[in-house]
Amino acid sequence: MVQENARNVLEKEASMVKRFVAIVNETDLDADIRKGWLTSFENHQLAHDEYAAADQTKLAALVKGELELLSRLKAQIPNPPTNIYEKCWLGNIAGDEAILKKM
């Protein structure tokens, strides 16, 4: 099983995803937008489940792999960003990196 700090991070993240799903379900959205958000959260839950079931060795490999992926993604975004879309992506990546480093 995952280390205690990782478990706490995962539990908080799962709680946030449940809240986001509730917000999406209660918000008047275009059907395609709603489906996109809910699919994103469903995929997030699948990843969460894999992390939560991982032993220490597998967790370390998952975290390392995701950090490498985020690093490659971040390298493709101008820094400083040239528009709000890029700024948002850099913020999202920084948030994901912070979560992963807490594990």
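Numbers for residues simply follow the sequence, beginning at 1.
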Treating Ile, Leu, Val, Met, Phe, Trp and Tyr as nodes and any side-chain heavy-atom pair under 4.5 angstrom as an edge, say whether [X] and [Y] lie in one connected cluster.
X	Y	result
Leu62	Leu69	no
Leu73	Ile99	yes
Val9	Phe41	no

*side chain to side chain contact (heavy atoms under 4.5 Å, CB included) against Glu68, all qualifying residues, sequence neighbours excluded*: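 Scan of Glu68 (side chain to side chain contact (heavy atoms under 4.5 Å, CB included), adjacent residues dropped) gives Lys64, Arg72.
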*Considering residues at least two apart in sequence or located in another chain, which fulfil the salt bridge (charged side-chain N to carboxylate O under 4.0 Å, His left out) criterion with Lys12?*
none
*asked:* Can you list everything that forms a salt bridge (charged side-chain N to carboxylate O under 4.0 Å, His left out) with Glu11? Sequence neighbours excluded, please.
replied: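 For Glu11, no residue satisfies salt bridge (charged side-chain N to carboxylate O under 4.0 Å, His left out) once neighbours in sequence are set aside.
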*What closest approach, in Å, do Pro78 and Leu90 show between heavy atoms, and which atom pair accounts for it?*
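Answer, listing the atom of Pro78 first, then Leu90: O-CD1, 3.7 Å.
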*asked:* Measuring only between side-chain heavy atoms, which start at C-beta, is Glu66 closer than 4.5 Å to Glu97?
replied: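 Heavy-atom side-chain distance check fails, nothing below 4.5 Å.
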_Is it the case that the side chain of His48 and the backbone of Leu10 share a donor-acceptor pair, with hydrogens and angles ignored and the cut-off at 3.5 Å?_
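Confirmed, His48 side chain pairs with Leu10 backbone.
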*Is Asn5 reaching over with its side chain to a backbone N or O of Lys102, donor-acceptor style, under 3.5 angstrom?*
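Looks like yes, one N/O pair under 3.5 Å.
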Could you state the interatomic distance from [atom1] ([X]) to [atom2] ([Y]), rounded to the nearest 0.5 Å?
X	Y	atom1	atom2	result
Gln56	Leu59	CD	CG	6.0 Å
Gln45	Ser40	CD	OG	12.0 Å
Met103	Asn8	CE	CG	10.5 Å

Do any side-chain atoms of residues 17-31 form donor-acceptor pairs under 3.5 angstrom with protein atoms, and if so which ones, sequence neighbours left out?
{"from": "Asn25", "atom 1": "ND2", "to": "Val21", "atom 2": "O", "distance (Å)": "3.2"}
{"from": "Thr27", "atom 1": "OG1", "to": "Ile23", "atom 2": "O", "distance (Å)": "2.5"}
{"from": "Asp30", "atom 1": "OD2", "to": "Asp32", "atom 2": "N", "distance (Å)": "2.9"}
{"from": "Asp30", "atom 1": "OD2", "to": "Ile33", "atom 2": "N", "distance (Å)": "3.4"}

*Take Leu100 and Tyr51 through the test side-chain contact (heavy atoms from CB on, under 4.5 Å) and record every step on the way to the result.*
CA-CA 11 Å; Leu100 290 164; Tyr51 273 71; 3.7 Å; yes
_Pairwise salt bridge (Lys or Arg N to Asp or Glu O under 4.0 Å) hits with a residue in residues 33-53, at least two apart_ = Glu50-Lys58
*With sequence neighbours left out, write down each residue that passes side chain to side chain donor-acceptor pair (under 3.5 Å) with Thr39, or none if nothing qualifies.*
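For Thr39 there are no side chain to side chain donor-acceptor pair (under 3.5 Å) partners, ignoring immediate neighbours.
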*asked:* Give me each pair satisfying side chain to side chain donor-acceptor pair (under 3.5 Å) with a member in residues 82-95, each pair once, sequence neighbours excluded.
replied: Thr82-Glu86, Tyr85-Trp89
